[in-house]
A.B. asks: 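Here it is: the structure, laid out below.
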There are 2 protein chains.
Amino acid sequence: MSQGNTRVTAQVVHAQACPVREVLDRVAGKWSVLIIVAAAHGPIRFTELERSIEGISRRMLTLTLRNLERDGLLTRTVHATVPPKVEYELTPVARELHASLLGLTDWAERHRVTIAESRAAYDVAHGRGLDAG
Amino acid sequence: MSQGNTRVTAQVVHAQACPVREVLDRVAGKWSVLIIVAAAHGPIRFTELERSIEGISRRMLTLTLRNLERDGLLTRTVHATVPPKVEYELTPVARELHASLLGLTDWAERHRVTIAESRAAYDVAHGRGLDAG
DNA sequence: CCGGATCCCCAAGGATACTG
DNA sequence: CAGTATCCTTGGGGATCCGG
């Protein structure tokens, strides 16, 4: 840390400029978008999210929810009942994001086969076919 | 909005989420989208990409280009001249992706201020203000 | 039920040097 | 000019345990 060489590189400069980067940083996580999709139908509880998003850990669910809440994409409503009940709901901003996302999912569905074929072809053409190692 | 028994139930979001995951996996990288944007204007050379995408390393540029090529999003054209010249160009599929991406960038630009404010408010409300914790 | 705290691993990605 | 190979750091994210 203190080798006398200040390691300030140019990565800081570029970080904020691009709106593309902005949206990606916000959605980059492995789970953010899945949560948004899962919550698109209406308010949803913690455990419901946990069950509906197969494979997500409790930790990541919590972390991602906090992040989305921080960005104003989710509202968190705590019902102070004896069995705790917490509901998450998309904000209008998040709903707009979800709508824009549909364009992407549509693209993915329209081209998933083509892309898969392209990958296979590329792999074959470059040796990395079906053999391991 | 959603009060009153919205029993949509969190049926496994997988059905809807998978295409989302697909596109994310494809775009998850730190640079993929930036390259697509940079190449959106037309064929572009390796070094042109390197210069236009501030902060990218040679290694990551190469790796990401290979991946995009593998997915059929980029074509790579080698001109066997004495000074090597390689041009990358978006495929129609990638152009469609780029178009869909515009919806997201538009969203980002429309709400960047709101989101920033939300973050600031959240951070203030949760102690993590401007101090380094 | 909700979720914070801790430990740990591993893949993404940066720096650098070499090649055709 | 356009890569490739190697080393090393960083932090995302899984597993697990604990607390309200």
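In what follows, chains are A, B, ... by sequence order, proteins preceding strands, each numbered from 1.
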A.B. asks: Look at A:S57 and D:dG14 and indicate whether a side-chain polar atom (N or O) is within less than 4.0 Å of OP1 or OP2.
C.D. replies: yes
A.B. asks: Heavy atoms only, 4.0 Å cut-off, all strands: where does B:R59 land among base, sugar-phosphate and nothing?
C.D. replies: base
A.B. asks: Look up atom CZ in B:F46 and atom OG1 in B:T62, then write down how far apart they are to the nearest 0.5 Å.
C.D. replies: 3.5 Å
A.B. asks: To the nearest angstrom, how far is A:H79 atom NE2 from D:dG20 atom P?
C.D. replies: 23 Å
A.B. asks: Starting at atom CZ of A:R76, determine the distance to atom P of C:dG3, rounded to an integer number of angstrom.
C.D. replies: 4 Å
A.B. asks: Can you check the B:W31 CH2 to C:dA12 C1' distance for me, whole Å?
C.D. replies: 12 Å
A.B. asks: Identify the heavy atoms of B:L74 and B:T91 that sit nearest to each other, and give their distance.
C.D. replies: N-CG2, 3.9 Å
A.B. asks: Name the closest nucleotide to the A:P84 side chain, picking from C:dG13, D:dG20, D:dG13.
C.D. replies: D:dG20
A.B. asks: Choose from C:dG3, D:dC1, D:dT4 the nucleotide whose nearest atom is closest to any side-chain atom of A:R66.
C.D. replies: C:dG3
A.B. asks: Measure from the side-chain heavy atoms of B:R58 and tell me the nearest of D:dA2, C:dG13, C:dC2.
C.D. replies: D:dA2
A.B. asks: Looking only at side-chain atoms of A:F46, point me to the closest of D:dG3, C:dC1, C:dG3.
C.D. replies: C:dG3
A.B. asks: In whole Å, what is the span from the CD atom of B:E50 to the P atom of C:dA15?
C.D. replies: 12 Å
A.B. asks: Assess whether a salt bridge exists between A:D106 and A:R110, defined as any Lys/Arg side-chain N lying under 4.0 Å from an Asp/Glu carboxylate O.
C.D. replies: yes
A.B. asks: Roughly, in whole Å, what's the span from CD in A:E69 to C1' in C:dG3?
C.D. replies: 13 Å
A.B. asks: Please work out which of the three classes, parallel, tilted or perpendicular, describes the rings of A:Y122 and A:H126, given edges at 30° and 60°.
C.D. replies: parallel
A.B. asks: What is the separation between atom CD1 on A:I56 and atom C1' on D:dG12, rounded to the nearest whole Å?
C.D. replies: 13 Å
A.B. asks: Please compare B:V86 and A:A28 by the position of their nearest nucleotide in DNA chain D and report the one closer to 5'.
C.D. replies: B:V86
A.B. asks: Any idea which of C:dC2, C:dG3, D:dG14 is nearest the A:Y88 side chain?
C.D. replies: C:dG3
A.B. asks: So, are B:R45 and B:E50 salt-bridged, with charged N and O less than 4.0 Å apart?
C.D. replies: no
A.B. asks: So, is B:T47 close to the D:dA2 phosphate, meaning a side-chain N or O under 4.0 Å from OP1 or OP2?
C.D. replies: yes
